[in-house]
Amino acid sequence: MKFNYKNILKTVAVLAVLAGTGTGCKKYLDAPPQDALNKEQAIGDEAGLTQVMNSAYQVVGGDAMFGGKIQAVNEMMADQLNGTNLSGDFGEFYGRKSSIFGDYKRDMYVGMYQGVYRANLVLENLDKATTTKDNIEGQAKFVRALVHFEVVKLFAQPWGFTADNSHLGITIRLSTAVVTKNRSTVKQVYDQIITDLKDAENKLPDVNNGLPTKWAAKGLLAKVYFQMNDFQNAYNYANQVIESKKFTLDATYAARFTETGSTESIFQMISTRGAFEPGAELRNQFRSDNGLPNMRFTTAFYAMVNTPNDVRKTLFDVVKYPGNIVITKYNKDRFNVPVIYLTQMKLIRAEAAAENNANLPVAIQDINDIMNRAYAGTKSIPVGSTPAFIITNARFERGLELAGEGNRLSEIKRIGAKGENIDKRGSVWNCPGFILQFPQEEMGTNVNFQRNPEGNCF
């Protein structure tokens with residue numbers, strides 16, 4: 001069966017009479033019945049609208065997105081994994097030669113756009129909202145921006161690939177209309193993401209019972225601007241989040257992926273036993289206590305963390321499966337999945353400050369806060385460190401802190417667009433294999449849809 005946006009809509013659970021309908025962070029994880037109601041029936045009032053909004057988080061936290069596929073695909077295409085064992089779709093990702101075929105990629109692509117559809121459905125029915133209209137609108141625009149951001153990073157060359165960013169990006173979906181659409185430019189995509197996030201920033205509350213807040217919007221803006229190498233805006237937004245004093249670094253790494261949550265979480269997908277338990281695909285691909293996982297790390301990467309006093313080496317196991325290096329970060333039956341958190345903000349603020357050659361004492365302190373935890377107080381960078389030294393350390397610490405979380409590929413592209421090739425597997429940052437090909441079904445329903453150039457990176 002061909003798929004296009006119309007088919008994506010058909011698979012959406014438009015929804016939702018649930019036992020115990022509510023708006024809290026636990027209720028949005030309740031799983032609605034598939035195709036329980038049509039659109040008109042589902043959104044008869046604010047409660048129905050809220051349930052549709054809540055269902056969007058099931059997409060964001062589900063396997064197609066932060067439940068695991070985004071992280072797995074990004075890691076396989078980057079340079080910290082030893083993927084010599086991978087085959088099929090996974091071998092294609094690791095080999096950096098994406099084709100029009102592959103169920104894993106297709107299902108991820110469809111799933112992500114389901115999140116966009118659900119957000120758009122909410123935005124088209126805001127007249128049903130009364131007391132929470134601004135809040136619901138802010139949530140929908142936050143989710144729509146988040147999904148478009150993740151899609152454009154995977155399916156288009158990065159910001160900076162062309163001087164004016166007129167190269168092809170992805171399809172922007174701003175309504176539920178079943179219409180054929182072509183790809184927008186990368187500039188247009190990022191402009192829309194930023195517009196949505198600034199609207200969300202203004203409409204979301206300071207505290208939101210586990211749902212996105214204005215701080216989540218600011219944190220995502222910091223990440224978006226950082227990906228654009230817009231260091232002034234990246235610094236400003238990361239700084240606002242940090243200086244809010246609402247978030248504190250976890251004392252240990254064990255807290256980041258737990259059911260009890262993290263003190264540094266700005267936005268996370270919350271696990272609720274028996275209702276919604278995100279991270280299944282992370283466990284499927286990375287978990288290492290129930291058998292040798294697909295995702296295994298290189299000896300070169302492990303050498304960076306296997307240094308005296310670096311407590312992060314306990315996140316890796318080199319003994320259980322001789323000759324293999326696996327991560328233990330996801331070795332739990334259930335955990336919350338952090339999407340935006342303070343460690344990211346500190347590393348963004350530090351590197352952005354150094355790139356701007358401003359606020360260097362702040363940047364040095366950010367790096368030392370991360371190092372103090374990582375090396376049990378035995379390592380720091382000195383007062384008066386140069387911008388270049390700060391940048392080097394920020395990048396190094398980010399590579400270790402976010403290992404297995406799908407960040408490294410974005411770094412290869414972002415830094416490459418600045419003129420530095422950092423890929424440890426020897427590819428050029430803008431090679432065609434560093435982006436995914438669109439599924440055949442997408443192109444089959446639109447003869448004018450322009451596919452990505454195919455080829456590998458070696």
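Note: hydrogens, waters and symmetry copies are ignored here, and every other heavy atom, side chains too, is used.
- Side-chain atoms of S380 do not come within 3.5 Å of backbone N or O of N368 as any donor-acceptor pair.
- A donor and an acceptor atom, one from each side chain of S99 and E454, are nowhere located under 3.5 Å apart.
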Practice task
Kindly indicate, with the supporting measurements, whether the criterion side-chain hydrogen bond (donor to acceptor under 3.5 Å, both in side chains) is fulfilled by T263 and D250.
Solution key: CA-CA 6 Å; T263 61; D250 293 319; 2.8 Å; yes
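- With sequence neighbours excluded, the residues that form a ring-ring contact (aromatic ring centres under 6.0 Å, His included) with F286 are Y330.
- Q80 places a side-chain N or O within 3.5 Å of a backbone atom of G399 that can act as its donor or acceptor partner.
- With sequence neighbours excluded, the residues that form a salt bridge (charged side-chain N to carboxylate O under 4.0 Å, His left out) with E411 are R398, R414.
- Judged purely by atom type and a 3.5 angstrom limit, N456 has no side-chain atom pairing as donor or acceptor with the backbone of K97.
- Remark: K246 engages D206 in a salt bridge (charged side-chain N to carboxylate O under 4.0 Å, His left out) (not counting sequence neighbours).
- A donor-acceptor contact shorter than 3.5 Å is absent between the side chain of E201 and the backbone of W215.
- Geometrically, R283 engages F335 in a cation-pi contact defined by less than 6.0 Å to the ring centre and at most 45° from the axis.
- Within the structure, the ring-ring contact (aromatic ring centres under 6.0 Å, His included) test picks out no pair touching residues 343-396 (sequence neighbours left out).
- Shown here are the side-chain contact (heavy atoms from CB on, under 4.5 Å) partners of A140, two or more places apart in sequence or in another chain: M53, A119, V122, L123.
- Comment: E277 engages R334 in a salt bridge, judged by a side-chain N to carboxylate O separation of less than 4.0 angstrom.
- When each of E150, K223, Q227 is paired with S410, the side-chain contact (heavy atoms from CB on, under 4.5 Å) condition holds for Q227 and for no other.
- Cation-pi geometry between K153 and F149 is met: under 6.0 angstrom from the ring centre, within 45 degrees of the axis.
- Between the side chains of Y341 and E405, at least one donor N or O lies within less than 3.5 Å of an accepting N or O.
- With sequence neighbours excluded, the residues forming a side-chain contact (heavy atoms from CB on, under 4.5 Å) with N309 are T378, listed by chain and number.
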Practice task
List the steps, then state whether salt bridge (charged side-chain N to carboxylate O under 4.0 Å, His left out) holds for R395 with E355.
Solution key: CA-CA 12 Å; R395 292 178 181 176; E355 289 282 2; 3.8 Å; yes
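- Side-chain contact between T213 and P205 is absent, with no heavy atoms from C-beta onward closer than 4.5 Å.
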Using a 3.5 Å cut-off and no angle test, enumerate the donor-acceptor pairs between side-chain atoms of residues 291-307 and protein atoms at least two apart in sequence or in another chain.
unit_1 : atom_1 : unit_2 : atom_2 : d
N294   : ND2    : Q285   : OE1    : 2.7
R296   : NE     : P293   : O      : 2.8
T298   : OG1    : F301   : N      : 2.9

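- Of the N and O atoms on the side chains of N208 and N135, at least one donor lies less than 3.5 Å from an acceptor on the other residue.
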Problem - Derivation and outcome, side-chain contact (heavy atoms from CB on, under 4.5 Å), residues K329 and R312 - result: CA-CA 10 Å; K329 185 179 288 188; R312 290 172 299 200; over 6 Å; no
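- Remark: of the listed residues V186, N165, N233, I194, I194 is the sole one forming a side-chain contact (heavy atoms from CB on, under 4.5 Å) with M228.
- Partners of N452 according to the side-chain contact (heavy atoms from CB on, under 4.5 Å) rule, which considers only residues two or more places apart in sequence or in another chain, are R183, I435, Q437, F438.
- Counting non-hydrogen atoms of neighbouring residues, nucleotides and ligands closer than 6.0 angstrom, the NZ atom of K313 exceeds 12 such neighbours.
- A salt bridge does not link R106 with E442: none of the charged nitrogens is closer than 4.0 Å to a carboxylate oxygen.
- Counting only heavy atoms from C-beta outward, the side chains of R408 and L81 never approach each other to under 4.5 Å.
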Practice task
With side-chain hydrogen bond (donor to acceptor under 3.5 Å, both in side chains) as the test, would you mind laying out the steps for D369 and Q365 before giving the verdict?
Solution key: CA-CA 6 Å; D369 287 345; Q365 187 60 56; 2.8 Å; yes
Exercise for the section: Show your reasoning for whether side-chain contact (heavy atoms from CB on, under 4.5 Å) applies to N74 and N407. Expected result: CA-CA 7 Å; N74 273 284; N407 180 76; over 6 Å; no
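- Looking only at atom types and distance, the side chain of D196 has a donor-acceptor partner in the side chain of Q192 under 3.5 Å away.
- Between R373 and E401, at least one side-chain N (NZ, or NE/NH1/NH2) sits under 4.0 Å from a carboxylate O, which counts as a salt bridge.
- When atom types are taken as modelled, the side chain of S288 and the backbone of V326 share no donor-acceptor pair closer than 3.5 angstrom.
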Exercise for the section: Could you give me the CA-CA distance, side-chain angles and deciding distance for N236 and Q232, then say whether side-chain hydrogen bond (donor to acceptor under 3.5 Å, both in side chains) is met? Expected result: CA-CA 6 Å; N236 289 341; Q232 189 59 60; 3.2 Å; yes
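- Between K105 and E92, the closest side-chain pair of non-hydrogen atoms falls below 4.5 Å.
- Distance alone, capped at 3.5 Å, places no donor-acceptor pair between the S385 side chain and the I381 backbone.
- Side-chain atoms of Y109 and Y113, non-hydrogen and from C-beta on, do get closer than 4.5 Å to each other.
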Under 3.5 Å, which donor-acceptor pairs do the side chains of residues 154-161 form with other protein atoms, sequence neighbours left out?
unit_1 : atom_1 : unit_2 : atom_2 : d
Q157   : NE2    : N430   : O      : 3.0
Q157   : NE2    : C431   : O      : 3.4

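- Salt bridge annotation for E351-K418: absent, with no cationic side-chain nitrogen under 4.0 angstrom from a carboxylate oxygen.
- Residues passing the salt bridge (charged side-chain N to carboxylate O under 4.0 Å, His left out) test with D333, sequence neighbours excluded: R287.
- Remark: D89 CG to Y104 OH distance equals 9.0 Å, nearest 0.5 Å.
- The ring-ring contact (aromatic ring centres under 6.0 Å, His included) check on Y253 picks up nothing, with sequence neighbours excluded.
- Counting heavy atoms from C-beta outward, R425 and Y94 have side chains that approach closer than 4.5 Å.
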Problem - Test salt bridge (charged side-chain N to carboxylate O under 4.0 Å, His left out) applied to E259 and R273, step by step - result: CA-CA 9 Å; E259 282 189 282; R273 294 194 179 207; 2.7 Å; yes
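- Taking the side chain as every heavy atom from C-beta outward, Q114 and V147 never approach each other to under 4.5 Å.
- Remark: aromatic rings of F267 and F142 are close, center separation under 6.0 Å.
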Problem - Working for side-chain hydrogen bond (donor to acceptor under 3.5 Å, both in side chains), residues R144 and N120 - result: CA-CA 8 Å; R144 187 167 71 181; N120 284 334; 2.8 Å; yes
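- Residue A238 comes nearest to I348 through the heavy atom pair CB-CG2, 4.1 Å, listed as atom of the first residue, atom of the second, then distance.
- T343 has its side chain within reach of R256: a pair of non-hydrogen atoms, C-beta onward, lies under 4.5 Å apart.
- Looking only at side-chain heavy atoms (C-beta outward), L347 and D366 stay at 4.5 Å or farther from each other.
- In terms of the salt bridge (charged side-chain N to carboxylate O under 4.0 Å, His left out) criterion, residue partners of D423 (sequence neighbours excluded) are, by chain and number, R96.
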